[in-house]
Amino acid sequence: MNTVILGAGAGLGRALAERCAAAGHDVLLAGGAPEDLRAGCDHLRTVYGIRAVAEPVRVGGGDEWLNTLLSRAADFGGTDVLLLPVGAVMEDDDGTLSAADVRRLAEVNYLAPAALASAVLPGMLATGSGTIVGFGSVGAVRGRRSHVGYAAAKRALASYFESLRHRTYGTGVTVQFHSLGYLDTGNTYGKRLPFPAMAPDEAARRVVQALGRGGFSTCLPWYWKYVGWAVRATPWVVYRKLDF
Amino acid sequence: MGSMKLTRLKPLSRHRGSPVAERRLAPFTGGAAVSCACVRPDRLAFWRGSGGSRNPDVPVARISRGGGYSYVDASFGADALVVDHARFNRILGFDDATGLLTVEAGATLGAVFNFLHPRGWYLPVQPGYPLITVGGCIAADVHGKNPYRDGTFRSHVESLELHHPDKGTFCADREREAEVFDLTCGGYGLTGHIVRAVLRAAPLPSRTIRHRLHPVDLADFPKQFTDVARTADLAHTWQDFAPRGAGFGRGFIMEGNFDPGASEAARGPFRERNPLTPGNRGSWRVPLFTPATTKLFTAAYYTLLRLGASESTQCLWDFTFPISSYRKVYFKLFGARGQLEYQSLLPVDALDEFLARVRQWLTVHPLPITLGSAKLFSGDGGLLRFQAEGVSLSLDFPYTPEGEAFALFLDGVVPDLGGRPNIIKDARLPDTVVRRAYPGYEEFRERLHAYDPARRFASGLSRRLGL
């Protein structure tokens with residue numbers, strides 16, 4: 001089974017690569033610094049004996065990255081599973097970012113994963129098999145004061161995946177979407193968080209476990225589902241005072 | 001004393017793209033915690049480039065940190081940026097013809113074991129807990145279960161990739177950059193960040209250890225122990241120094257030999273369940289090791305061993321990592337205040353005198369000795385390495401004023417008898433003792449300063465020892 005992971009250099013993407021390799025998948029690691037992807041491939045080949053190749057594309061700025069990656073995936077033998085943990089945050093994303101930064105956030109968090117999914121989908125539909133997995137954020141359940149652009153992009157991605165699920169119903173192609181709470185990565189390191197950060201490896205374990213089981217969406221960890229309900233249900237007169 | 005709390009993050013500073021957090025760190029076995037600036041990079045770009053940080057919030061000096069299992073302040077300091085290698089833990093390559101294994105410094109011994117073991121290889125030198133990192137083993141030049149035969153960890157290190165902010169990233173081995181290679185193995189992280197290492201594994205004779213217990217003959221202990229240790233694959237003692245009478249020092253020599261004839265043991269992978277961490281070691285606030293309870297515990301364990309089978313088999317994981325089992329609760333029994341371990345390496349012919357002086361002291365100043373364990377050593381490590389011809393004896397006791405007084409007593413006895421205390425085991429060991437006990441102290445200091453005049457690397461340990 002060939003698995004392509006966009007955003008595999010660190011964090012959840014790296015953990016997903018490890019779990020997939022442990023499950024016997026051959027992996028194509030994309031989107032990250034060349035040295036990180038090379039080290040990732042060396043590790044996975046050495047430990048699990050699977051095929052692992054790197055394609056350090058940088059998403060954005062046109063379609064060149066997409067064409068490069070698709071070509072690499074074709075050489076790799078096609079895509080059976082597409083995992084899209086790619087994402088980026090900016091600390092000063094409070095609604096005052098420059099246009100370039102707004103575009104960048106939209107590109108990395110929504111446009112790039114959607115573009116890649118769109119490019120891979122026809123092949124999966126033709127064979128009647130394959131899995132596409134997207135990753136959103138529980139922070140996107142409602143408009144908020146911080147991470148404005150990031151949350152908007154992730155909400156767009158969530159909508160895209162809901163539509164993809166509808167589109168692929170009955171075709172044999174599986175679409176899944178995981179909304180993530182805090183993960184213990186560089187984005188949360190050292191921060192005082194209202195809830196514990198989940199280890200990326202644990203999140204990856206659950207995602208890979210879910211691959212063969214169907215189902216569409218989860219929150220990781222599970223309780224974020226109820227946190228999300230509470231956030232959405234909070235009246236504006238209360239919500240506007242929250243530093244969220 | 002001894003907490004691992006992640007405290008309030010200041011408006012985020014960054015160092016080479018990684019956020020800097022303030023954390024309170026303490027030695028694993030307890031002791032005063034200090035607030036430290038910490039980073040946990042997860043991208044190899046962190047090691048690129050040279051020059052120090054321009055961020056005024058970030059300390060100029062730095063030090064690497066692995067699992068945090070050191071008993072001393074070797075991987076942190078109040079005025080050093082702590083660089084956590086947790087995310088640099090990959091196994092990068094293995095040559096099954098030569099046994100050469102390439103790993104990042106944050107790779108744990110447990111991960112390395114699980115990789116090598118099913119392939120029929122192992123690392124001959126390993127300390128007793130699987131979450132200790134390779135980088136930590138190199139920096140402290142640790143020993144395993146048979147230092148006499150297998151030497152110390154550096155004997156199995158082929159090469160290193162080191163990063164220094166002023167010198168960049170470079171390779172060092174016994175031929176290229178031999179000086180810094182020699183300084184780094186047992187250099188307590190003071191020469192640079194170990195990014196990756198090539199280790200030489202050995203073919204695994206068997207996955208099963210035949211375990212044999214020999215009752216200690218106190219009248220002839222040094223000879224008895226050295227006779228066993230010289231021929232066994234693995235050998236150490238467990239001894240009870242809690243009794244003051246005839247039972248003082250009773251115990252067993254634990255001999256282990258690979259058993260090629262044994263039926264195939266489990267290949268793993270083995271897991272460390274409910275890991276012991278620097279953060280949870282002191283979670284049992286109230287110490288359960290008191291003079292009375294210690295005598296009961298050690299007497300019970302002695303009886304258990306005495307009544308149990310004198311021969312048994314163990315899988316290599318259990319023998320290599322004895323703390324990876326119910327025994328990890330041992331560390332929790334000291335409570336939040338923790339323990340001291342005084343490990344001394346003494347000439348064989350000084351052992352009897354040492355034990356006599358210790359017994360005399362403990363008779364006058366009662367102190368619960370919770371564990372005593374001996375190993376046989378050979379060779380001479382030089383510099384600040386815990387390696388010489390002789391027998392090491394570890395004594396564990398609670399970190400109390402009485403315990404500190406006992407350690408102070410040992411500070412005088414050990415150098416008097418031509419021995420040396422283990423620098424990596426005692427967080428209060430003063431520099432005066434180290435200067436006296438380690439003939440290589442001045443040489444290490446001079447060579448370190450010649451290599452790194454700006455002294456880019458520092459820790460609580462290096463400050464305390466005047467390095």
Side-chain angles (χ1 to χ4, degrees), chain A residues 7-15 17-19 21-22 29 31-50 52 54 56 58 85 88-94 146-147 182-197 199-202 205, chain B residues 5-24 35-48 57 82-84 86-96 100-107 111-112 114-116 118-119 161 169 195-196 269 275:
Chain A
L12 178 62
R14 178 180 151 179
E18 181 105 29
R19 284 283 172 175
L29 308 184
E35 63 264 31
D36 294 323
L37 296 186
R38 260 199 312 272
C41 287
D42 287 344
H43 170 75
L44 298 176
R45 277 194 296 263
T46 302
V47 177
Y48 301 106
I50 48 99
R58 180 175 155 84
V89 296
M90 294 181 187
E91 289 302 321
D92 48 356
D93 179 16
D94 62 356
S146 61
H147 295 296
Y182 297 120
L183 290 187
D184 183 19
T185 64
N187 286 338
T188 57
Y189 181 71
K191 288 184 178 174
R192 178 180 285 171
L193 303 171
F195 294 94
D201 181 66
E202 176 58 21
R205 184 187 69 79
Chain B
K5 284 192 79 156
L6 184 71
T7 60
R8 160 79 179 99
L9 178 71
K10 302 183 260 200
L12 260 179
S13 294
R14 298 187 87 84
H15 177 70
R16 290 195 182 172
S18 289
V20 180
E22 186 181 314
R23 303 176 70 189
R24 287 186 63 74
S35 290
C36 305
C38 302
V39 288
R40 192 187 63 190
D42 60 3
R43 287 170 169 82
L44 290 167
F46 186 85
W47 307 119
R48 263 198 259 118
D57 292 333
V82 175
V83 179
D84 188 339
R87 297 299 192 243
F88 300 116
N89 61 351
R90 290 170 285 212
I91 296 173
L92 301 174
F94 181 62
D95 183 338
D96 60 7
L100 292 179
L101 177 73
T102 305
V103 297
E104 291 180 317
V112 170
N114 279 324
F115 174 79
L116 291 174
R119 292 167 174 80
E161 185 178 290
T169 305
V195 178
R196 59 172 73 177

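Naming: A, B, ... by sequence-line order, numbering from 1 per chain.
Counting heavy-atom pairs closer than 4.5 Å to chain A, the top residue among B/Ser18, B/Pro41, B/Cys38 is B/Cys38.
Only the side chain of A/Arg14 has a heavy atom closer than 4.5 Å to any heavy atom of chain B. In this structure, the portion of B/Arg119 lying under 4.5 Å from any heavy atom of chain A is its side chain and not its backbone. Heavy atoms closer than 4.5 Å to chain A are found in the side chain of B/Phe115, but not in its backbone. Interface remark: B/Val103 contributes no atoms to any contact with chain A (heavy atom separation under 4.5 Å).
The pair A/Asp184-A/Lys191 does not count as a salt bridge, with every side-chain nitrogen at least 4.0 angstrom from each carboxylate oxygen.
Residues A/His43 and B/Glu104 bring no donor and acceptor atom of their side chains to less than 3.5 Å of each other.
Contact record, B/Arg14 with B/Pro19: NH2-CD, 3.7 Å, taken as the closest heavy-atom pair.
For the pair A/Thr185/A/Leu12, no side-chain contact is recorded, criterion being any heavy-atom separation below 4.5 Å from C-beta on.
A tilted orientation is assigned to the rings of B/Phe88 and B/Trp47, their planes being inclined by 30° to 60°.
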